[in-house]
There are 2 protein chains.
Amino acid sequence: MNKKPDTAVRSGLRQAVCKNEVVRLSQYRAALRRFKGLGFSKIYSNFLGEAVGVTSAQVRKDFSHFKISGNKRGGYAIDAVMQTMDGLFRKERAQKVVLVGAGNIGKALLNYRGFQKENITIVAAFDIDPAKCSKNGACPVLPVSALKEYVQAHGVRIGILAVPEITAQQILDEMIAAGIKGVMNFAPCNLRYPEDRVTVANVNLVQELEYLAFAVDQGRKTG
Amino acid sequence: MNKKPDTAVRSGLRQAVCKNEVVRLSQYRAALRRFKGLGFSKIYSNFLGEAVGVTSAQVRKDFSHFKISGNKRGGYAIDAVMQTMDGLFRKERAQKVVLVGAGNIGKALLNYRGFQKENITIVAAFDIDPAKCSKNGACPVLPVSALKEYVQAHGVRIGILAVPEITAQQILDEMIAAGIKGVMNFAPCNLRYPEDRVTVANVNLVQELEYLAFAVDQGRKTG
DNA sequence: TAGATTGTTAATCGATTAACAATC
DNA sequence: TAGATTGTTAATCGATTAACAATC
């Protein structure tokens, strides 16, 4: 009698997983790496929570959800926890990502250091403008018409959408048709896509700045 | 006996305002502009909700919260609603923003078209590397040591933090000391700051991609 | 007027936190 | 053992949705 099929069934996990939870997992992982760098091999939920800015109960609940277990009285073994997380985030090998749109933002992402550090590699870029295409350079820039063949040949599942707002929906459709399953979208618009088959993470810079404009103005009204 | 002072008191609004609510407001605004472009002058909560992907009750609740009222039976007058929203987001005049860190991401943001369209202007950039500084070009690139003077002289309240992770906390501290009240942060780390005086919006690209890596993998386990 | 929509209150839903038994 | 921490259940909190009286 449930309205929609439970994500739990699809994922093999007990319960559905929401984005916040996955994001916290990513934050725990970053914190654990720092603790490990400091020489720790075990960590308690209260310390880890403090590092990330959540309660110890939240940490234990999240870990429990992903079947990450610790030792009563002994805390969590950092190496073991990180190994489980690496599996969840597919960190064993480089995460291959394609970039569509080699404009301002796109080119900046090609050179962004933060991705390399996390074993994320932009393996190819695509643009509709032939003038921007080139097979030289560390990462080839190919015509969008070659997207599907490339994605299928290389088994890429994740793409970055960094094209102007006007063409974003059309290019997203092409990415989905090519077999991309996860899209990081920089176009400041509401995209339509099949939510049961594709995940889209919107990075809306205008929206963030408008939020800040609101927030700082709210602060100004303080007595 | 309340634990923390209610944001409502600070903002002058009846109740506290959370980020999601402000983000929806920004989305309503974008949708209203489209409706207006199509020749509409009135809009009902159910249509607006559908355009943004929320229920009509959510629209009415949000509007009510910001004291945006409509006409029973007649819907909301688009022009009037947008005028109120323009006030909330301080859209009457260009929103001045400073950029700190003129690297990959920073330079891309300087040329990003999406900001101009929304009347957001990056008035100056700052970098610790003197080689990157230049007073020529559409937007001057100045040494970080000049930040405070510039911010105070121009009354800038919002800044973009686009420096490497290692220096992010230190530069954030300088921005806050300079009088910046809202920061859009691209460094993939947890920053410390006085939450009662400063608002930080984190744009963590690595985190978004890790979320996608998790999500697409979860989909793969589908039967 | 009759019908439809707002504005608001009440109900629901989900996520976070507190609490505590289990146990190392 | 005594003490401290996990793992989980129950309580709380807040946000979303449903429902409906008010009313244009």
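Naming convention: chains lettered A, B, ... in sequence-line order (proteins, then strands); numbering from 1 in each chain.
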**Message:** Which nucleotide, if any, forms a Watson-Crick or G-U wobble pair with C:dA19, using both distances under 3.5 Å?
**Reply:**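 D:dT8 is the nucleotide pairing with C:dA19.
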
**Complete:** As its Watson-Crick or G-U partner within any shown strand, both distances under 3.5 Å, C:dC24 has D:dG3

**Prompt:** Heavy atoms under 4.0 Å, any strand shown: does B:S69 hit a base, just sugar-phosphate, or nothing?
**Reply:**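 Sugar-phosphate: the residue B:S69, judged by heavy atoms under 4.0 Å, touches backbone atoms but no base.
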
**Request:** Consider only side-chain N and O atoms of B:Q83 and B:D79, and report whether a donor and an acceptor are under 3.5 Å apart.
**Result:** no

Would you say a side-chain N or O of [X] is under 4.0 Å from OP1 or OP2 of [N]?
| X | N | value |
| --- | --- | --- |
| B:R24 | D:dT16 | yes |
| B:R73 | D:dA22 | no |
| A:T55 | C:dT17 | yes |

**Message:** Closest-nucleotide mapping onto DNA chain C: is B:K72 or B:K61 further toward the 5' terminus? I mean the 5' end.
**Reply:**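 Result of the comparison: B:K72.
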
**Asked** Hey, which of these two, A:Q58 or A:N71, hits DNA chain C nearer its 5' end, going by closest nucleotide?
**Response** A:Q58

**Proximal nucleotide (of C:dA18, D:dT6, C:dG7) relative to the B:R60 side chain** =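 The nucleotide sitting nearest to the side chain is C:dG7.
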
**Prompt:** At what distance, to the nearest 0.5 angstrom, does CD1 of B:I180 lie from CD of B:E174?
**Reply:** 12.0 Å

**Request:** May I ask you to decide if the ring planes of A:F47 and A:Y44 are parallel, tilted or perpendicular, using 30° and 60° as cut-offs?
**Result:**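 Ring orientation, 0 to 90° scale: parallel.
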
